[in-house]
Amino acid sequence: MRTTTTASAIALIAALGLIAQGPAPASAQDAPAMPGEGRTVQPMTSGIAEEIFQHEILFEGLRRLGYEVEDPLEGEYAVMHVALGQGDADFTGVHWNLLHQEFFENSGGEDRMVKLGTFIDNVLQGYLIDKATADEHGITNLEQLKDPEIAALFDANGDGTADLTGCNPGWGCELVIEHQIPEYGLGDTVRHNQGSYFALMADTIARFERGEPVLYYTWTPLWVSGVLVPGEDVEWLEVPYTSLPNNPDATAEDTSAEGKNLGFAVDEIRVLANRGWAEENPQAARFLELAEIPINDVSAQNLLMQQGEDSMDDIERHAREWIEENVDRFDAWLDEARAVEG
């Protein structure tokens, strides 16, 4: 009788929650810290589809830190820097460290923004022509297009000048091209065609496939160099000497890659954040500082898009697959970010 009474009492006490709880289950003890819980983050992008993939990787990391990631704002690069400087956006993953330096300085510089880690390293820009024309006419340098006969080889509209598929206004690269055309004496022989870059490149690729000479600007990482492969289909052109707007101290060493002076600074893409937001969210800032994606991985994903896997579902799947394939590195970034005090 006493045993039954004691057992009943214990059962009653347990039902009322009066017995001290034992250790929490291992799964609860091991749950990762969520420093961003209850907070939102506002990213901003250029709106270029080929830059979504790398942002999705950053977004997923921030979600795993507990943040709610808002739909990205979109704007040209100059507008993006203004928004970050004013605090209308929190971060972007497409700040070109050298190319966008003027945008950075004009939008408040280090007082208002902070450049975090190198997200994508060794990014290139420059001018290319089809290999067949390069080999047949011995064209290796952009300066050779001062010759009207050489320039006329790349005339796509019958006006006698070379048609250069160029850079959209507001991207930053157009400032370099518009500076270099007169600097290298090409004002009378080369026309810089601007508008929708990817529409212009579609026409350029179509002309290449018809066996016509092509002259265009591009950059890496991007799918273009997966379709028109340097060294196989096309060749990078050198420039006669280094000359960059707003950077008179740049040298050939700054603008050379693989033994060629491409005329554009060999650059790095960095995560740029509003300084106040980064200081208030040190764990998120540390994750964004650590994140790094190999340039070839971005180019490969961009090529998948060009081949038809270009829906938002496709791009999000590409990002998930990249994280799965690089889970040890990705988790290490998160662990180090969670360890930051603040």
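Because the structure is a prediction, the values reported are computed rather than measured.
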Review point. Thinking salt bridges, do E212 and R210 make one under a 4.0 Å N-O criterion?
Key: yes
Practice item. Kindly state whether the ring of W96 and the ring of F119 have centres lying under 6.0 angstrom apart. Key: no
Review point. Would a 4.5 Å heavy-atom cut-off, applied to side chains only, mark L186 and K146 as touching?
Key: yes
**Study point:** Linked, directly or transitively: V229 and W236 (ILVMFWY side chains, under 4.5 Å)
**Key:** no
Practice item. Determine whether the side chains of T189 and T161 contain a donor N or O and an acceptor N or O closer than 3.5 Å. Key: no
Check your understanding: Is any side-chain heavy atom of V227 closer than 4.5 Å to a side-chain heavy atom of Q306?
Key -> yes
Review point. Taking only residues two or more places apart in sequence or in another chain, which ones pass side-chain hydrogen bond (donor to acceptor under 3.5 Å, both in side chains) with W333?
Key: none
Exercise for review: Mind telling me whether Y241 and Y184 have parallel, tilted or perpendicular rings, with 30° and 60° as the class edges?
Suggested key: perpendicular
Practice item. Please determine if D203 and R207 form a salt bridge, counting it only when a charged side-chain N lies under 4.0 Å from a carboxylate O. Key: yes
Check your understanding: Are F198 and I52 connected, step by step, through hydrophobic side chains (Ile, Leu, Val, Met, Phe, Trp, Tyr) whose heavy atoms are closer than 4.5 Å?
Key -> yes
Exercise for review: Would you verify whether the NZ or CZ of K115 falls within 45 degrees of the ring axis of F104 while also being under 6.0 Å from that six-membered ring's centre?
Suggested key: yes
Check your understanding: Can the ring centroids of Y67 and F59 be said to lie less than 6.0 angstrom from one another?
Key -> no
Point to revise | Pair listing, salt bridge (charged side-chain N to carboxylate O under 4.0 Å, His left out) test, anchored in residues 332-342, at least two apart | key: R286-E336, D335-R338
